[in-house]
Amino acid sequence: MNKKILGLVGGFASHVLWLLCLTANAQNLVNPKTEASITALIKKMTLSEKVGMIHANSSFTSAGVKRLGIPELVTSDGPHGVRLEHGRGWIPLNNVADAGTYLPTGNTLAATWNRKLGYDFGAVLGNEAKFRGKDVILGPGINIMRSPLNGRNFEYQSEDPYLVAQMAVGYIRGVQDQGVSASVKHFAANNEEVDRGTVNVEMSDRALREIYLPGFEAAVKKGQVNTVMGAYNKFRGQYATQNKYLINDILKGEWGFKGLVMSDWGAVHNTMEALEGGTDLEMGSDIGTPPLKYNQFFLGDTVIALVESGKIPVALVDDKVRRILRVMFKTNMIGSKRTAGAYNTKAHQKTALKVAEEGIVLLKNEDALLPLCKAKIKTLAVIGQNADRENAMGGGSSQVKAKYEITPLQGLKNLLGSSVNVQYAQGYKIQRNQMVDSLLIEEAVKIAKEADAAIVFCGWTHGYDYNKWDDNAYDAEGVDKPDLAMPFGQNELIRAVLKANPKTIVVLMGGGPIDINAWVGSSKAIIEGWYPGMEGGTALAEVIFGEVNPSGKLPMTFPKKLADSPAHKLGQFPGVNGTVHYNEDIYVGYRYFDTYNVEPQFSFGHGLSYTTFSYGSVTVKVAGDKEVTASITLKNTGKRDGAEVVQVYVEPINPSVPRSIKELKGFEKVFLKVGAAKTIKIILGKDAFSYYDDKKKAWVADHGKYRIAIGNSSRDIKVRKEITL
Ligand code: BGC
């Protein structure tokens, strides 16, 4: 098969794969034949060869054993494109063909609420990783968006564990069906950046089980992920990457994970704890110039001495080597040959476009200001540096050297061609501590006044230049936002433009919420554009001009102000004296806003369309206490084809313990032509009704009454039905 055909991960091929993955038996890293081969290999290995395999031997690789046919393990970031080449060191290489597909960031993917797109996204990534000779893609990042300030939220998926789990499973299967491994990260409780390397996280078992772990559990059990990356932070006093409770007891014990646990880069701090706490592979500790010094790894030469002096059994090392070898056998690194991957195909770019089209969220649209009509516009004012800015290289380790990136300005120009006069003004200067620039505002106001409509692209930014990734970076690794205030004097700009031209559309870019109180009341149309990948500009233009009917839904709550967010209101952020107590407990995101009746700016699950949908009545069937099936008929009652995400929440009535007023337990994205109707069925298992009982250390589903609440956001419930379990 040629590369072109192999590259066909979009369209029909991916649909078949997707169906297969739904029906296929769970992948299994353990089978008797490979276990026997692994045992035989381990028997032939010297102690130093074994220890050579459990720590890095360059920035992104760990050693194999050449004489036994065991190759190096080659990893690469992740999570929304294969990272540029670093060779064996830390400085990006020049003059290598590493400009690839830049997919939309994790938050954009989650905003599609489309599981199949999660799979397609992963398949593109896996396919390009394979082409580039990578064995493990370091993604998906699935940490819960606990606070809107977290600098890495853009890489993550959601504040809701169910949505996280649903999107992560598709992504992982997509990557791994290409024959390479995914590495779900960062396990666990890595929910802030500033002090990620030292902060100690304290939370109840209930919060851990109900909020922070379900995504990882699904990645292991349903996604059959081959590798897991530990986190930098401490959890209950012990570093997460070498945390006995998290890794040995829960991940490898309870969940039966048989694959490889690698550290985050430089996250191992102690030899014995790593050996006994479940770390199988130590990465990134020696950040010097190659050749790396193995005695600077905690799992390096010291381990040889410990085994030789009888202080630790060799079996402990063997288990780590076995787990690495399992991943190698599973991904055809030993014995058999891998198929070729493909790079920069049209199909991959099409997937990037599709995710952006479905992930962009229409937040507000009064008086049907959107979509704009191309035929009615002669002059369009495009304002804001974000309109003209590329984002692929921003944000830290997730940076991608994009083959190309269509900025919003370019996307609009491409779509409008010569029939519309597109005027651009920078509006604000992206520069740390930069305040209002009256001259830039004046320029923007001038073009807005003369235009038939204006679009302001604003919001967050992340750094561009590799060597200065945190310059001007609000959404980036290693930094958290100081607050939710719009930087660079953007509020003043937006207010001035709104005054100059009432037909102004505001497009927010970034990793999540921003404070828009200064002008939200006077704006009619607002779009959330995230960091939408290499085709993001195309997708934004299509949404603005109605060639695509928006169908994205917020995967996180937009608070009115930071102080309303539960981590800030009830908990701590980023912590006190090196420890952060998650006092808000299970009340994360909408669980807090809806239970405590705090009005958000935009609620979880919210997203408008250019068409309208009607929700028919709900039928609910209860099969003993095992399964509840909810059916609902959805109809497209508007004038455009479109898609709606039907969201199913479970509301416990008089629960025996304090519970969130509602929890998302099912959803379906439904595409409907004008006038068409469809009945969808959503099955809720016992887990949909359960909470984690801290005392019993078990999941419990109370007998009693529940409401099945169906709607299109956590705050827009269209129908409710009471049931008794
Ligand atoms: C990040 C990981 C990343 C790794 C390798 C770390 O700093 O936290 O997400 O995969 O570096 O680049």
Side-chain angles (χ1 to χ4, degrees), residues 55-62 73-93 98 105-107 125 129 132 134-144 150-157 168 171-172 175 180-199 201 215-216 219 225-234 239-242 260-269 279 281-287 292 297 393-401 462-463 466-467 469-470 473 475-480 511:
H55 59 77
N57 71 345
S58 86
S59 49
F60 285 95
T61 61
S62 58
L73 185 75
V74 184
T75 69
S76 172
D77 290 292
H80 42 260
V82 184
R83 193 175 177 179
L84 46 162
E85 289 300 329
H86 286 70
R88 302 190 73 80
W90 295 94
I91 310 293
L93 302 182
D98 57 354
T105 52
N107 55 0
L125 208 48
R132 290 261 304 269
K134 313 296 181 194
D135 304 311
V136 183
I137 230 13
L138 305 173
I142 65 161
N143 293 98
I144 290 287
N150 183 3
R152 265 184 117 169
N153 278 347
F154 73 97
E155 283 185 62
Y156 300 148
Q157 318 285 312
Y171 176 123
I172 290 163
V175 169
V180 296
S181 297
S183 191
V184 68
K185 66 191 187 184
H186 308 87
F187 188 70
N190 181 180
N191 309 103
E192 57 194 57
E193 282 297 296
V194 169
D195 48 3
R196 64 177 179 173
T198 50
V199 70
V201 178
F216 289 101
V225 74
N226 291 342
T227 86
V228 174
M229 186 193 293
Y232 279 123
N233 51 282
K234 290 178 196 150
Y239 279 105
T241 279
Q242 53 196 43
L260 148 66
V261 176
M262 70 179 79
S263 72
D264 198 342
W265 269 230
V268 173
H269 291 268
T279 323
L281 172 59
E282 178 188 7
M283 296 299 292
S285 300
D286 182 335
I287 54 163
L292 305 185
F297 282 92
M393 288 284 276
S397 63
S398 65
Q399 59 179 197
V400 179
K401 198 192 279 175
H462 49 198
Y466 173 83
N467 295 310
W469 75 31
D470 56 354
D475 290 313
E477 195 171 331
V479 296
D480 292 319

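Atoms within each ligand, like the ligands themselves, are counted from 1 in listed order.
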How far does NZ of Lys185 sit from CD of Glu155, to the nearest 0.5 angstrom? 5.5 Å

Who pairs with Ser58 by side-chain contact (heavy atoms from CB on, under 4.5 Å), at least two apart in sequence or on another chain? Thr61, Arg88

Hey, what's the ring geometry for Trp90 with Phe60, parallel, tilted or perpendicular (30° and 60° as the breaks)? tilted

Atom pairs and distances, ligand 1 N/O vs protein N/O under 3.5 Å:
| residue | atom | partner | partner atom | Å |
| --- | --- | --- | --- | --- |
| ligand 1 | 7 (O) | Tyr232 | OH | 2.8 |
| ligand 1 | 7 (O) | Glu477 | OE2 | 2.7 |
| ligand 1 | 8 (O) | Arg152 | NH1 | 2.8 |
| ligand 1 | 8 (O) | Arg196 | NH1 | 3.3 |
| ligand 1 | 8 (O) | Asp264 | OD1 | 3.3 |
| ligand 1 | 8 (O) | Asp264 | OD2 | 2.6 |
| ligand 1 | 8 (O) | Glu477 | OE2 | 3.4 |
| ligand 1 | 9 (O) | Arg152 | NH2 | 2.7 |
| ligand 1 | 9 (O) | Lys185 | NZ | 2.9 |
| ligand 1 | 9 (O) | His186 | NE2 | 2.7 |
| ligand 1 | 10 (O) | Asp77 | OD1 | 2.5 |
| ligand 1 | 10 (O) | Lys185 | NZ | 3.1 |
| ligand 1 | 12 (O) | Asp77 | OD2 | 2.5 |
| ligand 1 | 12 (O) | Arg83 | NH1 | 3.2 |

Pick from Phe297, Tyr232, Tyr239: which one makes a ring pair (Phe, Tyr, Trp, His ring centres under 6.0 Å) with His269? Tyr239

Just say parallel, tilted or perpendicular for the rings of His186 and Tyr156, cut-offs at 30° and 60°. perpendicular

Separation between CG (Asp77) and CH2 (Trp265), nearest 0.5 Å, reads 7.0 Å

